[in-house]
Amino acid sequence: MLHKIINLTVRDVRFPTSLQQHGSDAMHSDPDYSAAYVVIDTDLGLKGFGLTFTLGKGTEIVVCAVEALAGLVIGKPLQEIVSDFRGFYRLLTSDSQMRWLGPEKGVIHLATAAVLNAVWDLWARAEGKPLWKLLVDMDPKQIVSCIDFRYITDVLTEEEALDILVKAQEGRQQRENQMLKEGYPAYTTSCAWLGYPDQQLQQLCTDALKNGWSKFKVKVGADLEDDKRRCRLIRQMIGPNNTLMIDANQRWDVGEAISWVSSLAEFKPLWIEEPTSPDDILGHAAISKALAPLGIGVATGEQCHNRVMFKQFLQASALQFVQIDSCRLGSVNENLAVLLMAHKYQVPVCPHAGGVGLCELVQHLILFDYICVSANLHNRMCEYVNHLHEHFTSPVVIRDAHYLPPKDPGYSCEMVESSVKRHQYPEGEVWKLHRT
Ligand SMILES: C[C@H](O)[C@@H](O)[C@@H](O)[C@H](O)C(=O)O
Ligand SMILES: [Mg+2]
């Protein structure tokens, strides 16, 4: 714990996923999964690795923002940071000049996530534990001391948070054992990206069923007839008892969302994800209300930029599934706040993952949620996408459609150095090839 941070580097790492339409949806037709990848060096040689997820061109802007934050981190002993993590979170998010860029949203908040993810990784490594286990072993008081309660005390006070955590101590060991044995349930988005032709959809779905997957997400929102055909195809293949979810990635206005999703109700989706602007809380509430009689919930969160937004979504009954994101919110600190608020409102958390590295990171948070907060698996599952795991030194392990708890110390953010070099933009080999 005597490690002092002496340097922070950030690199622009991009994968040309758009070439094969991996990751495509109704709003992002050519996503190149990318990361602003951070490495923290300490005086004793231990390193911390962190990232935030972005798409292609956006990465260079996030890299600049990380560089702007670096000065707040370099020179700090790890012990000083973690003994007042709330204070350190505030230092990063409340810098009196840089907060004008957010506050706590957009590019500057993505950068905060990348930096803090690296600090959490460093802490877990210093303790020799995977991050989920570091959190599980923490005293509830220490967990609460990592959270910035500013702006949420009207819904969740520090005392209430502590109370939730203390109550959930009962049965903690059994739940940890259960997770180690069975893993955390997952669903797959890999079968049905918007740009995939029907034949590919069919093949991927056949393979996924064979591999034990029972919950499937389909991209919708560009063309209603296409959506009907694709949903029918998937529903027919998976049968009436498996789970189907649909995701429109913010394509519609409120009224349009209600009528479009009503036309897809016959396929019995569990949820419609991001039906409209991610900022439109009351719009989501109207959609939730209209779709409730059809048995369809509203899910959102991958672009819900901070705990204040989540607070209001919960207050307004505007979502029925909370999709936390390890890189959109201000790292573990802010995610803890959202997990606790979701618990208070008894709304299930189903994390957003995929991208590059998001599965690796968020699995730690949802394991903590089950073991130490929610103690509940009903209607809960973590997203899984089967791309780019080979670029990580501790890739996710999936068995029978469940995430098995990571064993290596840290936050699973470290990338294979040769992959980083090859994919660095613009000088990496992969990008030289694509430009010629
Ligand atoms: C551009 C990305 O692939 C998104 O489509 C993706 O994150 C998606 O919304 C998801 O829920 O996985
Ligand atoms: Mg989505």
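Indexing begins at 1, ligand by ligand and atom by atom, following the structure's order.
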Going by distance only, is there an N or O of [X] that falls short of 3.5 Å from an N or O of ligand 1?
X	result
H28	no
Y33	yes
E274	no
G23	yes
K217	yes

### Task
Heavy atoms only: give me the nearest K219-R230 pair and the separation to one decimal.
O-NH2, 3.2 Å

At a 4.0 Å threshold, what atoms of ligand 1 neighbour a non-hydrogen atom of [X]?
X	result
D25	1 (C), 2 (C), 4 (C), 5 (O)
D247	8 (C), 9 (O), 10 (C), 11 (O)
W193	3 (O), 5 (O)

#### Entry: Check: Y384 ring centre within less than 6.0 Å of H389 ring centre
yes

#### Entry: Aromatic ring proximity F15/H423, centre distance under 6.0 Å
yes

### Query
What's the verdict on side chain to side chain donor-acceptor pair (under 3.5 Å) for Y33 and H22, showing C-alpha distance, side-chain angles and the deciding distance?
CA-CA 9 Å; Y33 280 177; H22 302 321; over 6 Å; no

### Task
Return yes if a side-chain donor-acceptor contact under 3.5 Å exists between S412 and S394, otherwise no.
no

#### Entry: Side-chain donor-acceptor contact under 3.5 Å, Q203 with D207
yes

### Message
Test side chain to side chain donor-acceptor pair (under 3.5 Å) on T59 and T54; report intermediate values, then the result.
### Response
CA-CA 6 Å; T59 316; T54 60; 2.8 Å; yes

### Query
Does the cation-pi check pass for R235 over F267, that is, NZ or CZ under 6.0 Å from the six-membered ring centre and within 45° of its axis?
no

### Task
Classify the contact between E302 and ligand 1 as side chain, backbone, both or neither, using a heavy-atom distance cut-off of under 4.0 Å.
side chain

### Query
What part of V385 sits under 4.0 Å from ligand 1 if we count only heavy atoms: the side chain, the backbone, both or neither?
neither

### Task
Assign the ring pair F85 / W123 to parallel, tilted or perpendicular, where the plane angle (0 to 90°) is split at 30° and 60°.
tilted

### Query
Would you call the rings of Y37 and F49 parallel, tilted or perpendicular if under 30° counts as parallel and over 60° as perpendicular?
parallel

#### Entry: SG-CG distance between C413 and L51, expressed to the nearest 0.5 angstrom
5.0 Å

### Query
What distance do T276 atom OG1 and R251 atom CZ have between them, rounded to the nearest 0.5 Å?
12.0 Å

### Message
For the Mg ion (ligand 2), which protein N/O/S atoms fall under 2.8 Å? Skip waters.
### Response
D247 OD2, E273 OE2, E302 OE1

### Main-chain N/O of P406 paired to W132 side chain as donor or acceptor, under 3.5 Å
yes

### Task
Could you check atom 7 (O) of ligand 1 against the protein and tell me its nearest heavy-atom contact, residue, atom and distance included?
H352 NE2, 2.7 Å

### Nearest protein heavy atom with distance in Å, relative to atom 10 (C) of ligand 1
E383 OE2, 3.3 Å

### Task
Please state whether E273 comes within less than 4.0 angstrom of ligand 1, counting heavy atoms only.
yes

### Message
Would K219 count as a contact residue for ligand 1, given that I'm defining contact as a non-hydrogen atom of the residue lying under 4.0 Å from a ligand atom?
### Response
yes

